[in-house]
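Starting off with a structure, shown below.
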Number of protein chains: 2
Amino acid sequence: MNAQIEDILKRNQLSVTSGRVKILELFLGSAGALSHGDIEKKAGERFDRVTVYRTLQVFLEKGIIHNIPTSDNSIRYALCKDNCHAGHHHDNHIHFVCNDCGNTICLENVTIPPVKLPKGFTSTQVDVVVSGICKECK
Amino acid sequence: MNAQIEDILKRNQLSVTSGRVKILELFLGSAGALSHGDIEKKAGERFDRVTVYRTLQVFLEKGIIHNIPTSDNSIRYALCKDNCHAGHHHDNHIHFVCNDCGNTICLENVTIPPVKLPKGFTSTQVDVVVSGICKECK
DNA sequence: AATATTTTGCAACAACGTTGCAATTTATTA
DNA sequence: TAATAAATTGCAACGTTGTTGCAAAATATT
Ligand SMILES: [Mn+2]
Ligand SMILES: [Mn+2]
Ligand SMILES: [Zn+2]
Ligand SMILES: [Zn+2]
């Protein structure tokens with residue numbers, strides 16, 4: 001089994017189970033972000049829907065993955081590259097959704113631009129989601 | 001009946017029906033954005049769920065409202081201030097989600113910052129959603 | 001007022017998401 | 001390694017959310 005995957009799980013005090021390993025494999029092997037549905041399809045029949053829900057939730061809590069807001073009721077998830085922790089992410093990149101291929105990707109090299117809020121507002125997180133045509137589909 | 005509301009509908013070649021009027025009243029009377037669920041609750045028992053879905057869809061297509069992406073599977077909608085048209089919005093503001101009161105508001109005065117994309121990517125829309133504590137909850 | 005067009009509500013359904021609990025799997029201890 | 005403790009999984013059952021077809025009702029047009 002992939003040592004990197006085992007390391008991710010152990011580092012986060014999670015039991016190494018076939019379901020979690022499989023889902024991490026999917027993330028590591030995927031160019032873009034994955035929705036719950038994507039994972040269910042790609043994982044085959046082997047895992048119960050509920051297990052996928054619970055696994056994503058745990059990964060999110062531990063800071064192993066982060067989620068990407070959408071306007072179509074299908075949250076996408078992607079691996080955190082940095083050492084993120086529960087509710088304390090260091091990811092600071094924007095996300096791109098291709099209107100052609102549908103892929104959602106992390107643009108790791110494009111940092112979140114500064115946003116000046118009106119007086120009285122404080123911000124804890126800024127999400128930037130750009131949609132358009134990706135490099136591959138151009 | 002509110003003349004402004006009738007005007008919005010007529011301008012968009014939509015029949016003036018009690019459901020559409022009611023939903024526009026809700027938007028005009030609300031400080032923040034509304035989810036489908038919010039509208040169903042606030043509208044009372046008077047309208048069928050399906051009518052709310054269809055109305056929001058039509059309003060979206062006509063450019064009467066715009067939607068705000070979220071990470072919790074509950075899209076929010078807000079009135080377009082400018083003269084937006086089907087798939088051709090002029091709104092160029094960011095959105096703020098308060099972690100305390102839960103309100104989602106359009107910050108009309110905060111424009112979307114420029115985002116420099118990697119070579120090969122083209123953008124048609126940029127969504128910025130800031131979460132934190134709002135002016136009221138501070 | 002009569003007719004044509006559009007919208008609505010209902011019913012039925014599909015997809016998505018949640019919870020409790022017993023069985024299984026994984027981790028820990030001896 | 002075997003026994004035990006702890007955590008995870010699958011199942012079943014359920015609730016919520018979103019979609020579609022169609023006849024009835026409302027609205028717009030003549
Ligand atoms: Mn990302
Ligand atoms: Mn807005
Ligand atoms: Zn693409
Ligand atoms: Zn607030």
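Quantities reported herein were computed from a predicted structural model and do not represent experimental measurements. Lettering of chains follows the sequences in order, A, B, ..., and the numbering in each one begins at 1.
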Check your understanding: What integer distance in Å separates B/Q57:CD from D/dT20:C1'?
Key ->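 These atoms are roughly 12 Å apart.
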Review point. So, B/K138 and B/D100, do they make that salt bridge, N to O below 4.0 Å?
Key: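 Here B/K138 does not pair with B/D100 in a salt bridge, since their nearest N and O are not under 4.0 Å apart.
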Point to revise | Nearest-angstrom distance from the residue atom CZ of B/R20 to C1' of C/dT6 | key: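 In whole Å, C/dT6 C1' and B/R20 CZ are 8 Å from each other.
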**Study point:** Nucleic acid footprint by protein, nucleotides 9-17 of chain C - heavy-atom cut-off 4.0 Å, B for base, S for sugar-phosphate alone
**Key:** BBB----SB
Review point. Can any side-chain N or O of A/R76 pair as donor or acceptor with the backbone N or O of A/P69 at less than 3.5 Å?
Key: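 Such a contact is absent between A/R76 side chain and A/P69 backbone.
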Practice item. Using a 4.5 Å cut-off on heavy atoms from C-beta on, say whether the side chain of B/E6 contacts that of B/N2. Key: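 The answer is no; the side chains never approach within 4.5 Å.
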Review point. Tell me: CD of B/Q13 to C1' of C/dT5, nearest whole Å?
Key: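 From B/Q13 CD to C/dT5 C1': 15 Å.
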**Study point:** Distance-only donor-acceptor check, side chains B/D38 and B/S35, under 3.5 Å
**Key:**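 There is such a pair (donor and acceptor under 3.5 Å, judged by atom type) between the side chains of B/D38 and B/S35.
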Point to revise | For B/I65, the option from B/I23, B/V58, B/L56 that meets side chain to side chain contact (heavy atoms under 4.5 Å, CB included) | key: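 The side chain to side chain contact (heavy atoms under 4.5 Å, CB included) with B/I65 is passed solely by B/L56 among B/I23, B/V58, B/L56.
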Every protein N/O lying under 3.5 Å from an N/O of nucleotides 26-29 of chain D:
{"from": "D/dA28", "atom 1": "OP1", "to": "B/V16", "atom 2": "N", "distance (Å)": "2.9"}

Check your understanding: Stepwise, does the ring pair (Phe, Tyr, Trp, His ring centres under 6.0 Å) test hold for B/Y53 with B/H36?
Key -> CA-CA 7 Å; B/Y53 281 115; B/H36 171 95; 3.8 Å; yes
Check your understanding: How close do A/I105 and A/G32 get, heavy atom to heavy atom, and via which atoms?
Key ->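 The pair with the smallest heavy-atom distance is CG2-CA, 3.8 Å.
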Practice item. Report the distance from atom CG of B/L9 to atom P of C/dT8, rounded to the nearest whole Å. Key: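 About 10 Å, once rounded to whole Å.
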